[in-house]
There are 2 protein chains.
Amino acid sequence: MSMTDTAVRRRQGSARRRVLDAAGTLFYAEGIHAVGVDRVIAEAAVAKATFYHHFPSKDDLVGAYLQEQSDQVRGVTLPTGDTPEEQILSVFDAIGEYTCGPGFRGCAFVNAAAEYPDPRHPVRRVIAAHREWFHGVLRDLLTAAGRPDAVRTAAMLVVLRDGLVVRGDLDHPADSETRALVREAVTRVLA
Amino acid sequence: MSMTDTAVRRRQGSARRRVLDAAGTLFYAEGIHAVGVDRVIAEAAVAKATFYHHFPSKDDLVGAYLQEQSDQVRGVTLPTGDTPEEQILSVFDAIGEYTCGPGFRGCAFVNAAAEYPDPRHPVRRVIAAHREWFHGVLRDLLTAAGRPDAVRTAAMLVVLRDGLVVRGDLDHPADSETRALVREAVTRVLA
DNA sequence: CCGATGGTAGACAGATCTGTCTGGTATTGT
DNA sequence: ACAATACCAGACAGATCTGTCTACCATCGG
């Protein structure tokens with residue numbers, strides 16, 4: 001006799017995993033307040049009690065969702081290139097490509113912040129931590145490049161990144177134009 | 001005998017006006033989905049029937065809210081300075097100041113877009129129109145400055161603007177640092 | 001074999017959301 | 001003077017939201 005459906009699902013991934021996957025897709029694509037817990041539960045094929053066992057409240061799920069986004073971005077952001085300048089360029093090339101890809105809907109953190117105004121809210125803290133991490137990455141690369149104004153230049157590059165992400169969501173830019181714009185913008189900022 | 005309260009309110013502004021004011025404050029400060037029609041009605045001191053007379057649905061109010069934001073920004077964005085370059089700088093100086101002011105909560109359009117994913121939604125169209133207007137302003141100034149790459153440079157400046165606005169909301173930057181950063185960034189982009 | 005663990009299904013409560021409707025009042029143009 | 005217009009107060013319907021609770025099932029370590 002074959003395994004039950006439940007057993008199969010257990011092997012393929014825990015309920016918590018499925019909930020996080022569903023939340024990632026739905027929250028990012030449609031917004032957080034627009035997606036109810038019931039929708040997440042249905043998409044994840046999970047019982048309500050199980051959901052509230054793993055995430056005591058919806059806000060906990062939102063926090064976990066953003067933390068996972070942060071972890072993922074940190075894992076993917078691996079500068080390539082010989083010099084620090086090339087490495088910075090590689091990071092922004094990836095951003096340019098990403099923001100023109102299908103299904104791009106802006107920055108998960110910026111979008112979430114729009115729905116969580118209170119800077120002291122846990123969700124906002126995850127966002128702030130992620131932004132500090134990214135600023136640190138750029139600052140370290142700039143320092144390695146021997147720049148005395150690494151902090152300010154890093155801030156400028158973060159501004160560039162945020163602007164590119166908004167543009168990718170709202171202006172439907174072409175891939176090729178974006179590639180050129182990114183390289184020119186980074187070059188000018190680093191000039 | 002003195003005028004009734006109703007008469008006073010009539011003189012001070014129509015119900016529609018009060019609704020738009022309340023919506024502007026609440027939507028911007030707390031987000032759109034987070035603010036119910038009942039809250040807007042209470043804040044505006046307006047009857048529900050009156051509200052739905054002026055705005056057949058909440059989405060209509062959201063559209064009017066953003067349209068008003070757009071009109072206001074267009075009215076305020078008056079470049080000052082002798083040369084086109086100075087005028088561009090003046091526009092960005094104002095942005096830098098604005099994004100460090102009290103109560104700043106990011107760009108009303110970017111924030112609204114986070115809650116309205118569908119690009120064909122009327123709300124998104126208002127946003128797109130506003131962005132095209134701003135890009136046009138910059139493009140015209142750059143053209144007047146005799147630049148051949150006005151369109152692309154304008155796109156880069158829009159990116160800069162969006163990034164500055166995100167920064168103002170999420171990074172709580174100091175006024176002075178922002179002033180310096182803005183001038184340096186604009187200078188480098190126009191270099 | 002059996003208890004602990006983690007999962008399923010779904011009813012339920014209470015709040016809140018959008019939108020409608022009734023009925024009354026005040027102002028205004030003619 | 002009077003009809004039209006705009007507004008007010010608030011009940012109501014129906015949907016949806018978060019979160020709780022009961023009751024049952026399957027797997028696994030000891």
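Numbered from 1 within each chain, the chains take letters A, B, ... in sequence-line order.
- Rounding to whole angstrom units, NE2 of residue A:His53 and C1' of C:dA4 are separated by 12 Å.
- Applying the 4.0 Å criterion to OP1 and OP2 of D:dC8, one finds that B:Thr50 has a side-chain N or O inside that range.
- B:His33 has its ring centre less than 6.0 Å from the ring centre of B:Tyr116.
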Go through it in stages, so that I can follow the logic: the residues are A:Arg124 and A:Arg120, the test is side chain to side chain contact (heavy atoms under 4.5 Å, CB included), and I'd like the CA-CA distance, side-chain angles, deciding distance and then a yes or no.
CA-CA 6 Å; A:Arg124 277 275 192 155; A:Arg120 292 166 314 185; over 6 Å; no
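- Side-chain N/O atoms of A:Asn111 and A:Glu115 include no donor and acceptor closer than 3.5 Å.
- Sorted by first and then second residue, the salt bridge (charged side-chain N to carboxylate O under 4.0 Å, His left out) pairs involving residues 89-114 of chain B (not counting sequence neighbours) are B:Asp93-B:Arg183.
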Could you go through nucleotides 16-18 of chain C and list every protein N or O atom that sits under 3.5 Å from one of its N or O atoms, giving the distance for each pair?
| unit_1 | atom_1 | unit_2 | atom_2 | d |
| --- | --- | --- | --- | --- |
| C:dT18 | OP1 | B:Lys58 | NZ | 2.9 |
| C:dT18 | OP2 | B:Val37 | N | 2.5 |

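- Atoms CZ and CG, on A:Phe92 and A:Leu160 in that order, are 4.5 Å from each other to the nearest 0.5 Å.
- Atom CZ of A:Phe51 and atom C1' of C:dA9 are 17 Å apart (whole Å).
- The SG atom of A:Cys100 sits 12.0 Å away from atom CD1 of A:Ile95, with the distance rounded to the nearest 0.5 Å.
- Atom CD1 in B:Ile41 sits roughly 12 Å away from atom C1' in D:dC8 (whole-Å rounding).
- The two residues A:Ile88 and A:Leu142 have their closest heavy-atom pair at CD1-CD2, 3.6 Å.
- Inspection of the A:Asp175 and A:Thr178 side chains reveals no N or O donor paired with an N or O acceptor under 3.5 Å.
- Only at 4.0 angstrom or more do the heavy atoms of residues 114-124 of chain A sit from any atom of DNA chain D, so none qualifies.
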